[in-house]
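Structure first, commentary second.
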There are 2 protein chains.
Amino acid sequence: MAGSRPDRTRKRPDTYHHGDLRRALVHEAAKTMQAHGVERLTLRAVGDRLGVSRTALYRHFADKATLLAAVAREGFISLRGELLTAWQGAGRGLEGLDAMGIAYVQFAITHPAHYRVMFGGFIDSGIKDPEFEEQASAAFQVLVDALIALQREGLVRRDEPRQLAQFVWATVHGVAMLGIDGQLQHQHADARDLIQYAVDRLRAALAPRD
Amino acid sequence: MAGSRPDRTRKRPDTYHHGDLRRALVHEAAKTMQAHGVERLTLRAVGDRLGVSRTALYRHFADKATLLAAVAREGFISLRGELLTAWQGAGRGLEGLDAMGIAYVQFAITHPAHYRVMFGGFIDSGIKDPEFEEQASAAFQVLVDALIALQREGLVRRDEPRQLAQFVWATVHGVAMLGIDGQLQHQHADARDLIQYAVDRLRAALAPRD
DNA sequence: ACCTGAACACCGTTCAAGT
DNA sequence: ACCTGAACACCGTTCAAGT
């Protein structure tokens with residue numbers, strides 16, 4: 001074995017912890033969750049996978065719940081990005097709102113485990129870290145801003161924007177959750193079909209008072 | 001303390017298992033869940049509480065997931081009852097639909113742990129028993145029937161009833177979930193306020209084509 | 001400061017054995 | 001048929017000890 005380089009590509013990377021072990025932990029946890037579900041995620045396996053002690057993560061996270069909160073936080077950052085892309089990619093307007101709804105559900109059914117950690121009550125509400133809360137409301141704010149813009153153009157009724165946004169959010173969140181739960185299968189209709197119909201109904205629900 | 005009757009109120013009821021241990025297990029599991037959350041539910045504690053061996057329940061349930069499925073099934077039966085009561089109590093019609101939405105969210109925020117077991121993906125979709133599925137769709141059917149009745153009266157647009165019902169369900173389910181998750185608190189608005197607004201918007205969404 | 005290794009308390013589940 | 005008690009494999013977390 002020629003040690004030509006200070007070899008970084010060994011089987012057991014015992015120098016993974018050069019500062020961003022924290023980031024590596026979050027990434028690895030998200031990956032195994034995505035592959036096998038949240039309930040099958042064990043801290044020991046995460047440590048092993050990273051070639052690190054099983055207890056190493058306690059230098060970076062208070063406990064498992066805190067690690068999950070960090071994973072959820074990453075999820076909200078991704079979700080926010082998808083929403084913004086959809087909104088802008090569709091040229092804003094009512095089509096932009098439709099696109100956001102579809103992108104939202106698409107995100108959820110593409111990353112069901114991740115999505116469940118974000119909303120499944122794993123975080124123990126009330127004690128969830130501020131950085132979690134911050135990213136969650138940043139994602140929500142994208143929707144609020146979009147609705148305000150639509151109100152200015154006279155395309156959406158002028159109710160209190162946050163309440164309006166919560167209503168829309170609840171609808172797409174409901175479609176996403178039911179889809180993840182496999183509760184929409186019986187009629188060869190899935191979440192993708194339902195969100196298509198739902199954005200249509202939402203238009204009627206949000207139409208300005210005549 | 002006069003033992004006038006064949007005392008059924010002893011500290012350690014060692015004859016709990018006279019045939020309906022299964023029912024007792026489901027009831028006890030639901031109770032501790034309700035009190036301390038799903039994640040704090042242990043089979044050992046349930047057995048102890050019932051004065052029975054920790055492994056006694058394996059005579060009645062394949063594993064913990066199956067017990068939880070039975071608990072969820074009971075939840076759907078209760079939910080169905082609440083929905084029917086609300087619908088009929090409000091004299092059917094659009095007011096009946098509003099009442100159902102409000103009763104739905106009321107059920108969820110009153111029994112958050114129970115509700116989460118019903119929808120939180122604990123049941124491992126695909127392998128969930130038929131009796132679970134049966135009661136879930138029985139509850140859903142109440143909504144479908146109501147919407148069909150409203151369509152007949154010309155009060156609701158004549159879209160495919162199941163799709164219409166799924167849309168309504170997604171909305172109230174979303175409100176319920178966000179409420180349970182504590183995601184609606186920031187603006188001193190809670191799930192009860194939101195569902196009030198939501199049923200209003202739903203009326204617009206469901207209005208017949210003019 | 002950061003990580004390790006052994007230990008602790010706890011869990012779901014299995015299984016031979018009792019009645 | 002139904003239940004028990006001991007045992008197994010596994011988990012999150014703690015803590016003294018190493019560098």
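Protein chains get the first letters and strands the later ones, always in sequence-line order, with residue 1 at the start of each.
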The contact string for nucleotides 11-16 of chain C, one letter per nucleotide 5' to 3', using protein heavy atoms under 4.0 Å with B, S and - for base, sugar-phosphate only and none, comes out as BBBB--

Name the stems that DNA chain C belongs to, where each is three or more consecutive Watson-Crick or G-U pairs with both distances under 3.5 Å?
C:4-8 with D:12-16, C:12-16 with D:4-8

Take the protein atom CG of B:L50 and the nucleotide atom P of D:dC2, then report the distance between them rounded to whole Å.
16 Å

Less than 4.0 angstrom between a side-chain N/O of B:H60 and OP1 or OP2 of D:dC3, yes or no?
yes

When A:V156, A:L94, A:L150 are each screened for side-chain contact (heavy atoms from CB on, under 4.5 Å) with A:L206, the one that passes is A:V156

Can you list every side-chain hydrogen bond (donor to acceptor under 3.5 Å, both in side chains) pair that touches residues 93-108 of chain A, not counting sequence neighbours?
A:D98-A:R203, A:Y104-A:Y115, A:Y104-A:W169, A:Q106-A:T110, A:Q106-A:R192

So, are B:D181 and B:R116 salt-bridged, with charged N and O less than 4.0 Å apart?
yes

Closest contact, heavy atoms only, B:H36 versus B:E39
O-OE2, 4.0 Å

Indicate the atoms forming the closest heavy-atom contact of A:A56 with A:L21, along with that distance.
CB-CD2, 4.4 Å

Are A:F132 and A:F76 an aromatic pair by the rule of ring centers under 6.0 Å?
yes

Would you say that more than 12 heavy atoms from the other residues, nucleotides or ligands in this model lie under 6.0 Å from the CZ of B:R73, or not?
yes

A:L184: which of A:L194, A:D190, A:D193 passes side-chain contact (heavy atoms from CB on, under 4.5 Å):
A:L194

Expressed as a whole number of angstroms, how long is the span from A:D48:CG to C:dC3:P?
15 Å

Spacing of B:R22 atom CZ relative to D:dC2 atom C1', expressed in whole Å
15 Å

